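Notes to accompany the following structure.
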Amino acid sequence: MTTAPPGRIRVLIADDQRVVRDGLSMLVSLIDEVEVVGLASDGTEAVRLAEEHRPDVILMDLRMPGVDGATATAEVRQRLPGTQVLVLTTYADEAAILAALRAGALGYLTKDASAEQIEAAVRAVHAGQTHLDPAVQARLVATVTGRGPAPGPASDQAGHGGPPPAGLTSREAEVLTLLASGLSNAEIAQRLFLSSATVKTHINRIFAKTGARDRAQAVRFAYQHGLATPAP
């Protein structure tokens, strides 16, 4: 078992995509007083490395081959009650959220989270505090209270509550919906509490994923896939 200087937060990263693991490792390593102690490519390896390194926090993807993230979370929490789990995943549907929280995860972020959001979440769960992405929290509250998904772009994904089309993240789907409603980049940034540069990055990714060459084509994609509806 490895050790770290007192006061440091020791983090294990579990994700089946190598580029994501490496990217998260670089990002997390830049956080003050945080150390990456291991990288796992699936749930089985996450549990094994957790027992070996005894991390303070695990950044856990949910959908991995073999043992998935929720199952791995439950095993880690049973074997290592001092290790907290922060889910970092592409998916923000009610089933995935509830499965992760029931397994014992304290935090839940989607992969379009900013570096600042990830840092805040790591520090929060390390302190034993629950940390949920605001959109995730809204979905959870709506599910628990029986009110259904909260109204808004993320809850209308493809018109049926499933994952967004074309591999869009929940945040990209929100941006596309607002774009389709006629908002400018600055207005979208203000609505979602993002920087204009971040909104521009999201829009470029939307163009790449949907094959749109301009905003008009992106808007058409949004209407075709239920991310926007004509005004009555």
Side-chain angles (χ1 to χ4, degrees), residues 1-4 8-18 20-25 27-28 34-113 117-146 149 154 161-163 169-170:
M1 182 181 72
T2 58
T3 58
R8 292 184 70 82
I9 301 174
R10 304 169 68 254
V11 175
L12 173 69
I13 297 170
D15 196 290
D16 62 329
Q17 297 182 20
R18 181 174 180 178
V20 174
R21 289 196 305 273
D22 291 346
L24 284 173
S25 179
L27 185 154
V28 172
V34 173
E35 176 186 7
V36 176
V37 298
L39 303 175
S41 60
D42 56 40
T44 299
E45 190 174 23
V47 175
R48 178 178 64 80
L49 291 179
E51 292 190 303
E52 178 180 346
H53 297 292
R54 307 284 172 133
D56 299 305
V57 176
I58 300 179
L59 289 183
M60 185 81 76
D61 189 18
L62 285 184
R63 302 195 183 179
M64 297 183 287
V67 175
D68 63 25
T71 302
T73 295
E75 290 191 30
V76 167
R77 294 295 299 146
Q78 181 178 13
R79 301 182 190 187
L80 304 168
T83 296
Q84 303 297 348
V85 176
L86 168 60
V87 168
L88 187 61
T89 184
T90 303
Y91 308 95
D93 57 276
E94 291 83 351
I97 296 167
L98 290 174
L101 296 180
R102 284 168 178 161
L106 268 187
Y108 198 114
L109 292 178
T110 54
K111 287 182 178 176
D112 56 344
Q117 289 172 320
I118 292 174
E119 176 178 354
V122 167
R123 296 192 187 282
V125 300
H126 176 247
Q129 302 168 359
T130 301
H131 189 101
L132 303 178
D133 178 279
V136 169
Q137 186 171 351
R139 280 178 169 271
L140 181 62
V141 170
T143 300
V144 172
T145 59
T169 66
S170 58

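Not measured: the values here are computed from a predicted model.
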To the nearest 0.5 angstrom, please state how far the [atom1] atom of [X] sits from the [atom2] atom of [Y].
| X | Y | atom1 | atom2 | result |
| --- | --- | --- | --- | --- |
| L59 | D15 | CG | CG | 9.5 Å |
| Q84 | T130 | CD | OG1 | 9.0 Å |
| S25 | L12 | OG | CG | 10.5 Å |
| D68 | L62 | CG | CG | 7.5 Å |
| D56 | T83 | CG | OG1 | 7.0 Å |
| M60 | T89 | CE | OG1 | 11.5 Å |

Tell me the closest heavy-atom pair linking [X] and [Y], and the distance in Å.
| X | Y | value |
| --- | --- | --- |
| A99 | A70 | O-CB, 4.1 Å |
| A105 | V87 | CB-CG2, 3.8 Å |
| S41 | P65 | O-CD, 4.4 Å |
| R10 | R54 | NH1-O, 2.7 Å |
| T73 | A100 | CG2-O, 4.4 Å |
| I58 | A50 | CD1-CB, 3.9 Å |

* Worked check of side chain to side chain contact (heavy atoms under 4.5 Å, CB included) between L88 and L24 -> CA-CA 10 Å; L88 187 61; L24 284 173; 3.4 Å; yes
Student check: side-chain heavy atoms of [X] and [Y] closer than 4.5 Å:
| X | Y | answer |
| --- | --- | --- |
| L109 | H131 | yes |
| V57 | V34 | no |
| I9 | V122 | yes |

* Sequence neighbours excluded, every pair satisfying salt bridge (Lys or Arg N to Asp or Glu O under 4.0 Å) that has a member inside residues 37-46 -> E45-R48
* Residue pair L49, V37: steps toward the side chain to side chain contact (heavy atoms under 4.5 Å, CB included) verdict -> CA-CA 9 Å; L49 291 179; V37 298; over 6 Å; no
* Just jot down the salt bridge (charged side-chain N to carboxylate O under 4.0 Å, His left out) partners of R123, sequence neighbours excluded, or say none. =>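 By the salt bridge (charged side-chain N to carboxylate O under 4.0 Å, His left out) rule, R123 matches E119.
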* To do: Show your reasoning for whether salt bridge (Lys or Arg N to Asp or Glu O under 4.0 Å) applies to K111 and D61.
  => CA-CA 9 Å; K111 287 182 178 176; D61 189 18; 3.7 Å; yes
* Side chain R79, main chain V47, donor-acceptor under 3.5 Å ->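 Side chain of R79 to backbone of V47: no pair is present.
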* Asked: What do the steps show when you test I118 against L27 for side chain to side chain contact (heavy atoms under 4.5 Å, CB included), and what is the final call?
  -> CA-CA 9 Å; I118 292 174; L27 185 154; 4.3 Å; yes
